[in-house]
Amino acid sequence: MPRLESLRPWVLLGVFSLLLFLISGATFSSLGVVLPAMVADQKWSWAQAGLGFTLLGACCGGSAWFPPIVIRRFGVRAALLLGTAVMAAGFLCLYATPNVWIYFLGTALCGVAYQLMALIPGTHVLAAVFQKRAMAFGLYFTLGGLGGVAGPMMALTVMELTGGAWRPFWALQAIAALAIGVLCSLLIPSSAWLRSSSETIDAAVKAEAEAAAAAPQSAPLAVYRTVQGWTLKQAMGTVQFYILVAAYFVHLLSGVTVSSLSVAHLTERGVAAGVAAGMLSLEGLMATVARLGGGFIGDRIDPKWLLILAVGALGMGSLALSVADSYALMIVYAIGTGVGFGLTALAVTILLLNYYGRQNNLEIFSTVCLVGAVSALGPLIGGSLRDLLGSFSPTFQLFGLVAAGVFVASLFMRPPQMKRAGEGAAVPAGLINDPV
């Protein structure tokens with residue numbers, strides 16, 4: 001029995017990784033590949049097509065406040081079952097799509113379900129059952145991120161097998177969402193077990209922190225972790241919180257725009273559609289590799305350096321994509337945006353836990369996810385600029401410059417300090433120099 005209990009965290013890691021794999025591959029990664037066929041069939045403008053992708057991202061970010069409420073009141077299983085139903089309904093709308101309004105409804109429903117099914121419940125549960133959080137999140141984002149690799153190829157394969165039809169692909173995704181969502185929800189343990197596990201992990205982290213504080217610090221690169229939980233209001237009073245919000249914003253801004261518009265952009269520059277889709281898969285593969293590598297080293301070095309590398313690569317990749325018409329430039333784009341997209345989410349997730357603690361991380365991380373509602377404007381901006389200027393290039397150049405700004409801010413970021421009541425000066429909020 002004890003052995004079974006020791007395996008349960010790994011079962012949960014597998015459950016949430018499978019969910020993230022499904023929804024990543026079936027939504028953001030696949031829609032950009034299927035969208036050109038939908039545009040041609042339905043006679044939409046690219047502004048309309050981009051707006052649907054924007055709704056997907058906006059509802060994904062804008063609904064981030066909802067999963068914490070469901071989880072706190074009804075538990076993780078209820079959030080997963082609700083998300084499964086909403087995701088399947090969204091895919092059925094995309095399957096039907098008699099007009100652009102049902103397309104908009106379908107993408108909006110998929111965006112809401114994205115948060116309910118994996119991201120927020122996943123980070124909440126894994127933070128409660130794993131002491132080595134960077135390793136757990138690295139594997140979670142890596143295994144789940146493989147959906148970004150499989151998604152474009154899966155969409156192309158289904159369309160080729162159905163003579164170029166795009167509706168069967170969405171029908172298959174609806175079936176898969178129902179089957180996997182229900183199966184995974186049955187494997188989620190009770191809220192009481194999660195609370196007990198969380199208390200055990202917190203006690204272990206505190207003991208580790210006290211031991212590390214008493215021991216000589218010899219690691220050249222240390223991981224800063226707080227042993228004191230910040231409230232959401234306290235976290236929002238620090239500059240570091242907004243730097244992390246900005247990093248999360250630009251990674252979503254670039255990621256959702258690349259997923260939705262890169263294939264259309266490259267084909268307009270003379271690249272074959274299969275090659276363009278292959279580059280999108282390569283980007284997903286690089287994101288997966290980056291998450292895996294980041295997960296293994298994120299407990300051993302300051303994750304801030306992962307963030308600096310990530311946003312720098314993201315900016316470089318976006319700029320390369322804006323002018324890509326050769327294999328060399330396309331590879332730079334795929335590696336840059338892939339590494340940037342994969343590492344940024346991982347680094348931000350770890351830094352939020354290290355800087356502000358686990359106690360209120362559900363609300364803090366959910367608030368950061370709200371920026372998805374704004375970053376989702378990327379495809380709409382890109383589609384509108386394409387209709388106005390005749391090219392997607394200015395969009396990727398603009399987003400590359402935004403990433404460069406976040407890169408500079410990240411260079412100067414330091415761990416936050418909390419003010420004690422009645423004092424004017426900031427003091428370390430239980431931060432320890434912990435060489436893992």
Do [X] and [Y] pair up side chain to side chain, a donor and an acceptor below 3.5 Å, judged on atom types alone?
X	Y	value
S63	Q115	no
S24	Y114	yes
Y333	S318	no

Stepwise side-chain contact (heavy atoms from CB on, under 4.5 Å) check, W166 with D41: CA-CA 9 Å; W166 49 269; D41 184 50; 3.4 Å; yes
Looking at side-chain heavy atoms only, is the closest gap between [X] and [Y] below 4.5 Å?
X	Y	value
L116	L80	no
S366	W65	no
F249	T344	no
V245	Y248	no
L352	N361	yes
T27	L31	no
V311	H251	no
I71	P121	yes

Full working for side-chain contact (heavy atoms from CB on, under 4.5 Å) between V15 and I188: CA-CA 8 Å; V15 165; I188 299 298; 4.1 Å; yes
Given 3.5 Å as the limit, does a donor-acceptor pair link the side chain of [X] with the main chain of [Y], or not?
X	Y	value
K304	M413	yes
R291	G138	no
Y356	F241	yes
N354	G357	no
E160	T157	no
H265	L321	yes
S30	G151	yes

T231 and M236: CA distance, side-chain angles, deciding distance, side-chain contact (heavy atoms from CB on, under 4.5 Å) verdict: CA-CA 9 Å; T231 65; M236 293 180 69; over 6 Å; no
For [X] and [Y], work out which heavy atoms get closest and say how close.
X	Y	answer
L261	G383	CD1-N, 4.0 Å
F399	S254	CB-OG, 4.0 Å
A155	V34	CB-CG2, 3.8 Å
W44	V100	NE1-CB, 3.6 Å
G181	M117	CA-CE, 4.3 Å
V158	P168	CG1-C, 4.4 Å

Full working for side-chain contact (heavy atoms from CB on, under 4.5 Å) between L143 and T288: CA-CA 7 Å; L143 297 173; T288 300; over 6 Å; no
[atom1]-[atom2] distance between [X] and [Y], expressed to the nearest 0.5 angstrom:
X	Y	atom1	atom2	value
Q417	T238	CD	OG1	11.0 Å
W170	Y103	CH2	OH	8.5 Å
F365	N360	CZ	CG	15.0 Å
L126	F137	CG	CZ	5.5 Å
L81	S185	CG	OG	4.0 Å
C184	F16	SG	CZ	8.5 Å

R72/E363 ion pair, N-O < 4.0 Å: yes
F104 CZ: over 12 foreign heavy atoms closer than 6.0 Å: yes
